[in-house]
Amino acid sequence: MVREWDPRTASSAEITSLLDTLNAVLATDLPQDPPWRESSLREYLSEVMPGERRISWLAQAEPGEDGGPAAVLGHVQVLLLGGIGVLEVLVHPSVRRTGLGRTLVRLAGRRVWDEGFQSIGVEVVGGTPAVAFYDSLGFAREYVETRSVLDLTAVDWPALAEMATGVAAGYHVEFHPGGPPEELLEAYARAKAEVRDVDDGELRPSSYDPQRLRESLDTLHRRGMKPYIVLALHEHSGEVAGLTEVVVPAQHPTRADQYDTIVVQDHRGYGLDRAIKARMLLELRSAEPELAEVQTWNAQANEAMLKVNAELGYRPDREWCEYSVDVAELVHRLDAGAAGRDGGRSQ
């Protein structure tokens, strides 16, 4: 049974069963990743930025004879933002290769088409069955990043403390849990806007104006994701010369997610990138005692940041790819495939 589904009004049993499926997928495809928790999972699945919409479908087994809740076998959601629909699909490992994944993508693709969008994007993790699955559906690889993971138990903390102080004269570094202070929000947004042309990928957009930044931070908090910010300030001008962002999700609080790290062009070459990332790790050690790892994503061509991450102790984990497909082509391919299967069963 597959039906459109709203996590805001879903039963607790459905949320719990969806979590079980998510963790079964992680255990099979990404066994080194920590399992997710139910904390704020409902909010994580439903809260969006202004102007964006998230539409979901749930696939469930038939109810058992005992009348208990039907187990979740699959889930698909599409986030409609800008000119693209961003897809996420989960299929329990026990029912893979049954056509359920194609059914879920077909439902989402047709809705994206009906909503007037032209393309669908999806993040595909290297070394998992998702690669062959999306290749078979006609998705094309558009962009590749390397995910790296830092094990905090292996960090050389004295060396890290020394890195955190390696900033040239004329700059100072500040830590801001929760987000940048209001008085620095415009300068913060300017720093992000200056490098928008080299921003990595399209499926995790950044915010480049103060109001959008406020909305982004508010959305993170509502989704159960705690942001931490470290800024490098240029003392003479008061401008934000560099910034780094880490988010600790309630859903997997032992592994944090690195977001943007930016050093403004005029302030490069002064050791800011390494210093602000080192300072962030030192602060997280105190602010988040449960934290065990930090994961980050970098373009493979971004040799400077990959070098900094290696100095901090990050180790490359696997490829993380953005795929996309024309919606009309996807819907046509999946409709034709469904018609063929139906015809085969009717004979």
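Bear in mind that the values here come from a model prediction, so they are computed numbers and not experimental data.
- The residues Lys192 and Glu245 are annotated as salt-bridged, a charged nitrogen and a carboxylate oxygen being separated by less than 4.0 angstrom.
- Residue pairs meeting the salt bridge (charged side-chain N to carboxylate O under 4.0 Å, His left out) criterion with at least one member in residues 167-182, sequence neighbours excluded, are Glu182-Arg214.
- Looking at residues two or more places apart in sequence or on another chain, you find a side-chain hydrogen bond (donor to acceptor under 3.5 Å, both in side chains) between Glu283 and Arg279.
- Residue pairs meeting the salt bridge (charged side-chain N to carboxylate O under 4.0 Å, His left out) criterion with at least one member in residues 296-307, sequence neighbours excluded: Lys307-Glu311.
- In terms of modelled atom types and a separation under 3.5 Å, the side chain of Asp6 and the main chain of Arg8 share a donor-acceptor contact.
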Take Arg147 and Glu123 through the test salt bridge (charged side-chain N to carboxylate O under 4.0 Å, His left out) and record every step on the way to the result. CA-CA 12 Å; Arg147 183 179 77 166; Glu123 288 190 337; over 6 Å; no
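- Among residues two or more places apart in sequence or in another chain, the side-chain hydrogen bond (donor to acceptor under 3.5 Å, both in side chains) test is passed with Glu14 by Arg3, Trp5.
- Among residue pairs with one or both ends in residues 72-101, those qualifying as salt bridge (charged side-chain N to carboxylate O under 4.0 Å, His left out) are Asp29-Arg96; sequence neighbours excluded.
- Residues passing the ring-ring contact (aromatic ring centres under 6.0 Å, His included) test with Tyr270, sequence neighbours excluded: Tyr171.
- Arg42 contributes a side-chain N or O that, together with a main-chain N or O of Ala10, makes up a donor-acceptor pair within less than 3.5 Å.
- Evaluation of the side-chain hydrogen bond (donor to acceptor under 3.5 Å, both in side chains) rule for Thr244 yields Gln258, Thr261 as partners, not counting sequence neighbours.
- Annotation: ring pair (Phe, Tyr, Trp, His ring centres under 6.0 Å) contacts involving residues 90-123, sequence neighbours excluded, are absent.
- Aromatic ring pairs are classed by plane angle as parallel below 30°, tilted from 30° to 60° and perpendicular above 60°; the pair Tyr134 and Phe139 is perpendicular.
- Taking the side chain to side chain contact (heavy atoms under 4.5 Å, CB included) definition, one finds that Glu290 meets it with Arg37, Pro253, Thr254, sequence neighbours left out.
- Under the side-chain hydrogen bond (donor to acceptor under 3.5 Å, both in side chains) criterion, Thr128 pairs with no residue at all, not counting sequence neighbours.
- Residues meeting the side chain to side chain contact (heavy atoms under 4.5 Å, CB included) test with Glu43, sequence neighbours left out: Ser40, Glu47.
- Scored by the salt bridge (Lys or Arg N to Asp or Glu O under 4.0 Å) test, Arg110 finds Asp335 as partners (sequence neighbours excluded).
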